Amino acid sequence: MTRQAFTTDQLTESQRRAVFHKDGPLLVIAGPGSGKTRVITSRIAALIDAGVRPWNICAITFTNKAAEEMRERLAAGGGGEGVHTSTFHSLCVRLLRMYADAAGISNNFSIYDTDDQRRCVKEAIKNSNIDSKTFTPAKVLSAISNFKNDLETPEQILERADEFYLKTAGRVYEQYQKLLKKNNALDFDDLLINTAFLLRDNPDIRQALGNRYQYLLVDEYQDTNHAQYQIAKGLALEHRNICVTGDPDQSIYKWRGADIQNILMFEKDWPDAVVVKLEENFRSTPNILEMADVLIANNTQRKEKRLVATHDRGADAEIECYGDGLEESVEVAGKIQALIEEGADPNEIAVFYRVNSMSRTVEEAFVRQQIPYQVVRGVEFYARKEIRDMLSYMKVIANPSDDMALLRAVGTHSRGIGKMTLSRVQHYASQYGITMFNAMNQADAIDTITPRTQTKVKAFAAMIEKWRADADGPVAPLMERVFDESGLLDSLRAGGEDEESAIENIDELINSASRYDEMTEEPSLIDYLQSIALYSDTDAYDAEAGRVSLMTLHAAKGLEFDNVFIIGLEEGLLPHERSLVGGEEELEEERRLFFVGITRARKVLHISHARYRTMRGQHLRTTPSKFLYEIGYTPKEEQFESYTYDTEFSQVAPSGFGSKIEKKEAPFRTGELVEHRKFGTGRVKEFQDMGDNSIIVVRFQSGQVKTLMLKYANLTKLSG
DNA sequence: GTGAATCATCTTTTT
DNA sequence: GATGATTCAC
């Protein structure tokens, strides 16, 4: 029964300490390329060798992809079957379905993605009669997300709210939660918060789960938020066998609520914790590591940690300056083509960028030069209109309370039920406190709707009802049926060539559903929908695609490549403009992001910036990133002069990206005269200085009073 | 009720 | 510049 899942003599002393640590809390601070993944897998294998039963082990990873890979590695080692590996979110879905009653929810809940969330917040804002000028959906949503990450309920917020902003945000939060409840839906944060509360409020369940998962391992612990922290703690309380691994220098999700203190304070929480530091790096050349080291040393909020190289010296990283983003893409593509011609494996080449929109120019260059590539953006497929349309039917079938999905399903194509009808149905539903679906079922009772339309509405509800009767079992056959019977297929066919790709995409969705059916023991629609809701960008990464990979720096976490290209090292891009208003802390996170990018490279690293970049349709002058200076790079002035782009475009944007930011800093005073391109001259009534998001209220000569976002208003001061 | 046309809003990163 | 909301003609 003994089995060597790993060769112990290949482990370093510190790796061995982590692997063979038996009981009690363990903190593994693992630098990039320190063999952390291998240590975790070996540790699980060692536990099993020591007699721990696999199903008593729960490993929590950052992405579904990582969970899947861990399962594969464990299976390859033999004996790892039965170990529970998943992300926090997947685990929560599982637990919430298992203990739906105790959690006070219904187990066929919908999971709302960012788009659904936005719609809900909009409605919540409307319901709370709030001026949406100052309370934009995006802002309120991030406030709500922060509340949830800190495990604060609307009641708690309203109770502690002492100023207008918090009070209002709390009210919208309350409305928003009501709306989700009504729709039998949970958003991403709810999955965590509900599980945390489930464990907190039900000692018996907590104990049962603690006994189920006697050994808990949490990877990427530096990126856990407070809710996740509470969940991990709750699960581990019973047996105290909690092992967390992570690297504070690679924490890049603070904006999502990740609390770096979770890892920094682990020893406070578990005073008997054994701490193992893995500082040796088995991945990169010393040249690359020195650069990463020099860069991250600029961060003040960190525990000093060295990167100890184990490889021989290699080539120095190259830092290039290009005329503009287009040239950058073409040149990078050229270098990559040369690498491939020299025999490099495309699987071992990656291009990283800060924002998704930057993939387009690179893609175009790759297409032109016929370089095979994959854009690692898994969620993109599910964000397509036709896919969302198709899935909206499936969601209603699984959860008829989901008005959000119902509204979308009705509107996928014209069927004689328009906006007016829907708002009448909605009104009727809220009047009688029933779901829209039920209201549609009894449409003949809604006398604001004409009999003709009533028939159509009832027919739609009946159609859903019919599918619901056959909703159990495999997903793909039902989906195929719905595609046909809903009329969606016909309406796309009628659309001609434009919609051909839409049909192909839905066919692909059906294919993937049938793959799900095959791979899942007990396939069910609700399970399928809940699992695709948690699908992430990185899940689409195929390490053996034989293609060059394009991805954001965030998606690059956990991966490694022989050749890495990081593009767009410019102020406003990396560090991102939005982080500049957030002070030193956010700047440090941007620096960590760059650090993560650099340390993905094994041998060859290319970093580049462009003198001009087209952003939001504007060709703008850029400033080299401060991070470039920090890694010892000085832009050579004469390089810039040689580009024709300078003269050609300098009139379009003489001041450039950098100075655009400076302009915003000029404050406006009450009473000041200003001019607006459209509204003419006016007097400043009120000015709220909120940095980049400053709001200005102006009374124009026409008499109208406008509340404007300063950054979009484009106001000029009229002196005197 | 529908679809075309126009207007307004606002873009980081992601489970 | 893309996407969504709103408006308007049918």
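The model shown is predicted, which means the values in this text are computed figures rather than measured ones. Just so you know, these numbers use all the heavy atoms, side chains as well, and skip hydrogens, waters and symmetry mates. Throughout, a chain's letter reflects where its sequence line sits, starting with A, and its residues are numbered from 1.
For I417(A) and R256(A), each mapped to the nucleotide of DNA chain B holding its nearest heavy atom, the one lying further toward the 5' end belongs to I417(A). Place T453(A) and F188(A) on DNA chain B by their nearest nucleotides, and T453(A) ends up nearer the 5' end. Comparing K122(A) and R360(A) along DNA chain C, the residue whose closest nucleotide (by nearest heavy atom) sits nearer the 5' end is R360(A).
When the nucleotides dT15(B), dT12(B), dT14(B) are ranked by their closest atom to the side chain of N356(A), dT14(B) comes out on top. Nearest to the side chain of T87(A), among dT13(B), dG1(B), dT15(B), sits dT15(B). Candidate nucleotides dT2(B), dT12(B), dT15(B) were compared by shortest atom distance to the side chain of S414(A), and dT2(B) ranks first. Of the listed nucleotides (dT15(B), dT13(B), dT11(B)), dT13(B) has the atom at the smallest distance from the side chain of H554(A). With dG1(B), dT12(B), dC10(B) as the candidates, the nucleotide lying closest to the side chain of V355(A) is dT12(B). Residue T552(A) places its side chain closer to dT14(B) than to any other of dT12(B), dT14(B), dC10(B). Side-chain atoms of A138(A) lie closest to dT11(B) of the nucleotides dT11(B), dT15(B), dT13(B).
Within the nucleic acid shown, L192(A) has no heavy atom closer than 4.0 Å to any nucleic acid atom. Here R415(A) lies in heavy-atom contact (under 4.0 Å) with sugar-phosphate atoms only. Here D537(A) lies in heavy-atom contact (under 4.0 Å) with sugar-phosphate atoms only. D113(A) comes within 4.0 angstrom of nothing in the nucleic acid, heavy atoms only. Within 4.0 Å (heavy atoms only), S90(A) reaches no atom of the nucleic acid at all. Residue contacts shown for Y253(A) are limited to sugar-phosphate atoms, with no base heavy atom under 4.0 Å away.
Counting atom types as modelled, R578(A) pairs no side-chain N or O with a base atom of dT12(B) as donor and acceptor under 3.5 Å.
Here H89(A) does not pack flat against the base of dT15(B), since the 5.5 angstrom centre distance and 30 degree tilt limits are not both met. Stacking of W255(A) onto the six-membered ring of dT13(B) is present: less than 5.5 angstrom between centres, less than 30° between planes.
Looking at residues two or more places apart in sequence or on another chain, you find no ring pair (Phe, Tyr, Trp, His ring centres under 6.0 Å) involving F460(A). Partners of Y353(A) under the ring pair (Phe, Tyr, Trp, His ring centres under 6.0 Å) rule, at least two apart in sequence or in another chain, do not exist in this structure. In this view, S491(A) and H413(A), L488(A) satisfy the side chain to side chain contact (heavy atoms under 4.5 Å, CB included) rule, not counting sequence neighbours. With sequence neighbours excluded, the residues forming a ring pair (Phe, Tyr, Trp, His ring centres under 6.0 Å) with H84(A) are Y213(A), listed by chain and number. Residues meeting the ring pair (Phe, Tyr, Trp, His ring centres under 6.0 Å) test with F109(A), sequence neighbours left out: none.
M615(A) has its CE atom 18 Å from the P atom of dC10(B), to the nearest Å. For the pair R377(A) CZ and dT15(B) C1', the computed distance is 13 Å after rounding to whole Å.
Between N149(A) and dT15(B) there is no side-chain N or O to OP1 or OP2 distance below 4.0 Å. Between S357(A) and the phosphate of dT12(B), there is no side-chain N or O to OP1/OP2 separation shorter than 4.0 Å.
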Filtered N/O pairs between nucleotides 6-9 of chain C and protein, under 3.5 Å:
none

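Figure legend: R256(A) and Y253(A) shown as a cation-pi pair, the cationic atom lying under 6.0 angstrom from the six-membered ring centre and within 45 degrees of its axis.
Under the 4.5 Å side-chain criterion, counting only non-hydrogen atoms from C-beta, N298(A) is not in contact with E588(A). With contacts defined as side-chain heavy-atom distances shorter than 4.5 Å, the pair R592(A)/N299(A) qualifies.
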